[in-house]
Amino acid sequence: MSNALPTREKIDQAFNLPSTLCPICDKESESSLHLLWNCDYASALWFGCCWGIRTDIRNFRNWEEWTNWFECNRNRPATLSFNDFMTGALCIFDVIWKVRNEVIHGGHLLQISKAMSIASMRLNDHLACKMDQPATTAASVLTPPSGWLNCCSDVNIDSNHSFGAAVFRDSMNRICSVVTDRFPVTDPALAEASMLLSAAKHATQSNYSSVNFFCDNVCAVSNILKAHGTHHNINLEGVSTHFQMLTAQFANWSVQKINRKENFMAHNDAKWAKINSAIGNIQVSSMDPKVFEDYKEWWPDPG
């Protein structure tokens with residue numbers, strides 16, 4: 001088939017796997033198929049997160065067999081599309097690969113429960129991007145009218161905490177302030193809602209009177225607005241109530257869902273905050289100018 005995955009040998013070469021025992025289980029020769037599917041650690045991760053898939057369902061000889069098997073609808077959990085399955089698989093693969101490298105270079109094996117939490121969180125974050133997205137999404141107006149401020153916010157989630165950032169700018173598209181915060185949560189919707197709340201706190205402290213708040217998480221937005229529907233999350237009720245109390249002090253305000261592809265400035269600032277462990281009202285001059293891009297992701301200089 002034309003879209004078949006490369007042979008196991010080519011995948012192993014791409015992963016740069018030496019001909020040694022698996023560093024995680026120390027039982028079998030390390031290959032990509034063993035590491036990501038057959039290893040005891042991988043088996044526990046596949047079963048413990050996402051869809052409870054057992055890796056002993058069939059003995060696959062290579063990745064092509066593996067792909068062909070899961071492309072068949074009856075071999076996946078009900079209602080799970082192949083694309084969503086592959087998204088979850090890539091999340092699991094990424095976690096296992098990082099665990100493997102940490103064992104080799106740091107001698108530390110991440111607890112399987114934490115690995116499950118990270119993989120599930122990443123999958124949920126990916127799938128959240130698809131929720132309620134029309135085929136074409138109108139671009140958001142990122143420059144506000146005179147007398148208003150626009151505030152774009154986003155978060156960067158780690159294994160046991162999150163960093164968030166909110167960027168305020170005026171009708172001249174000038175950045176008025178950047179505020180960052182840290183939250184002891186990893187649930188994407190709760191982290192995003194918490195950053196909206198932090199942004200509202202900063203706006204009231206700064207005496208801003210008319211603010212449009214933008215967030216790219218539909219669940220956080222709908223709960224902040226107390227909209228009734230499928231995205232109601234009981235864990236966000238306290239944040240939503242507090243947000244409503246703060247915004248009562250504004251002359252005008254709104255909360256809107258923004259396309260994630262338009263929200264890179266807030267995304268970049270959250271990433272910058274995480275890397276620099278920066279919390280509070282940040283001086284724009286202290287930040288890398290490349291983070292202030294609406295449509296381009298920032299990658300820090302490795303040097």
Side-chain angles (χ1 to χ4, degrees), residues 45 48-50 84 87-99 101-102 110-131 133 151-167 178-201 213-224 231 233-236 238-240 243 255 257-280 282 287-288 291 293 296-300:
L45 188 55
C49 68
C50 300
D84 286 347
T87 298
L90 292 174
C91 292
I92 293 174
F93 290 167
D94 180 63
V95 171
I96 295 174
W97 182 246
K98 290 179 179 178
V99 167
N101 289 338
E102 179 61 27
L110 183 68
Q111 290 181 359
I112 190 64
S113 59
K114 292 184 178 180
M116 292 175 185
S117 176
I118 294 172
S120 297
M121 176 269 294
R122 289 180 180 173
L123 174 62
N124 290 334
D125 195 30
H126 280 295
L127 296 183
C129 300
K130 299 173 56 180
M131 297 172 67
Q133 287 293 317
C151 170
C152 292
S153 64
D154 202 4
V155 297
N156 192 291
I157 299 176
D158 208 337
S159 59
N160 60 1
H161 63 274
S162 306
F163 275 90
V167 183
V178 176
V179 61
T180 63
D181 208 341
R182 185 182 188 276
F183 313 104
V185 300
T186 58
D187 175 71
L190 180 55
E192 297 267 19
S194 297
M195 192 60 231
L196 280 169
L197 177 58
S198 290
K201 290 178 181 178
F213 295 93
F214 291 93
C215 172
D216 59 30
N217 187 291
V218 65
C219 183
V221 170
S222 61
N223 279 270
I224 284 290
H231 303 302
N233 187 332
I234 192 172
N235 294 326
L236 274 60
V239 175
S240 175
F243 184 91
V255 178
K257 169 74 169 60
I258 190 174
N259 189 328
R260 178 165 294 195
K261 294 180 180 180
E262 300 173 292
N263 201 35
F264 275 115
M265 185 184 294
H267 171 82
N268 294 338
D269 285 14
K271 183 189 294 187
W272 181 91
K274 174 186 172 184
I275 292 173
N276 293 277
S277 298
I279 300 175
I282 308 299
M287 305 178 71
D288 185 341
V291 303
E293 293 273 357
K296 183 177 180 181
E297 183 160 10
W298 169 71
W299 298 102

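Computed from a prediction, not measured in an experiment: that's the story for all the values here.
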So Met265 and Cys152, side chain to side chain contact (heavy atoms under 4.5 Å, CB included) or not? Walk me through it.
CA-CA 8 Å; Met265 185 184 294; Cys152 292; over 6 Å; no
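- The backbone N or O of Ala165 sits nowhere less than 3.5 Å from a side-chain atom of Asp154 that would complete a donor-acceptor pair.
- In this structure, the side chain of Ser153 does not engage the main chain of Leu196 through any donor-acceptor pair within 3.5 Å.
- With contacts defined as side-chain heavy-atom distances shorter than 4.5 Å, the pair Met116/Leu45 qualifies.
- The two atoms that bring Ala220 and Ala193 nearest to each other are CB-N, 3.8 Å, heavy atoms only.
- How far CG of Leu197 is from CZ of Phe213: 9.5 Å, rounded to the nearest 0.5 Å.
- The only option from Asp288, Asp269, Asn268 that meets the side chain to side chain donor-acceptor pair (under 3.5 Å) definition with Trp298 turns out to be Asp288.
- In this structure, the separation between CZ on Arg182 and CE on Met195 is 14.0 Å, given to the nearest 0.5 Å.
- The OG atom of Ser113 sits 9.5 Å away from the CD1 atom of Ile118 when rounded to the nearest 0.5 Å.
- The CD1 atom of Ile234 sits 12.5 Å away from the OG atom of Ser240 when rounded to the nearest 0.5 Å.
- For the pair Ile224/Leu236, no side-chain contact is recorded, criterion being any heavy-atom separation below 4.5 Å from C-beta on.
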Without placing hydrogens or testing angles, list every side-chain donor-acceptor pair under 3.5 Å for residues 273-280, not counting sequence neighbours.
from	atom 1	to	atom 2	distance (Å)
Lys274	NZ	Asn156	OD1	3.3
Asn276	ND2	Trp272	O	2.8

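- The two atoms that bring Ser162 and Ile157 nearest to each other are OG-CG1, 3.6 Å, heavy atoms only.
- Minimum heavy-atom separation, Phe183 to Ala191: CE1-O, 4.1 Å.
- Taken to the nearest 0.5 Å, the NZ atom of Lys261 stands 13.5 Å off from the NE2 atom of His267.
- Remark: Glu262 CD to Asp216 CG distance equals 10.0 Å, nearest 0.5 Å.
- Shown here for Cys215 and Glu192, the closest heavy-atom pair between the two residues is SG-OE1, 3.6 Å.
- A donor-acceptor contact shorter than 3.5 Å is absent between the side chain of Asp158 and the backbone of Asn160.
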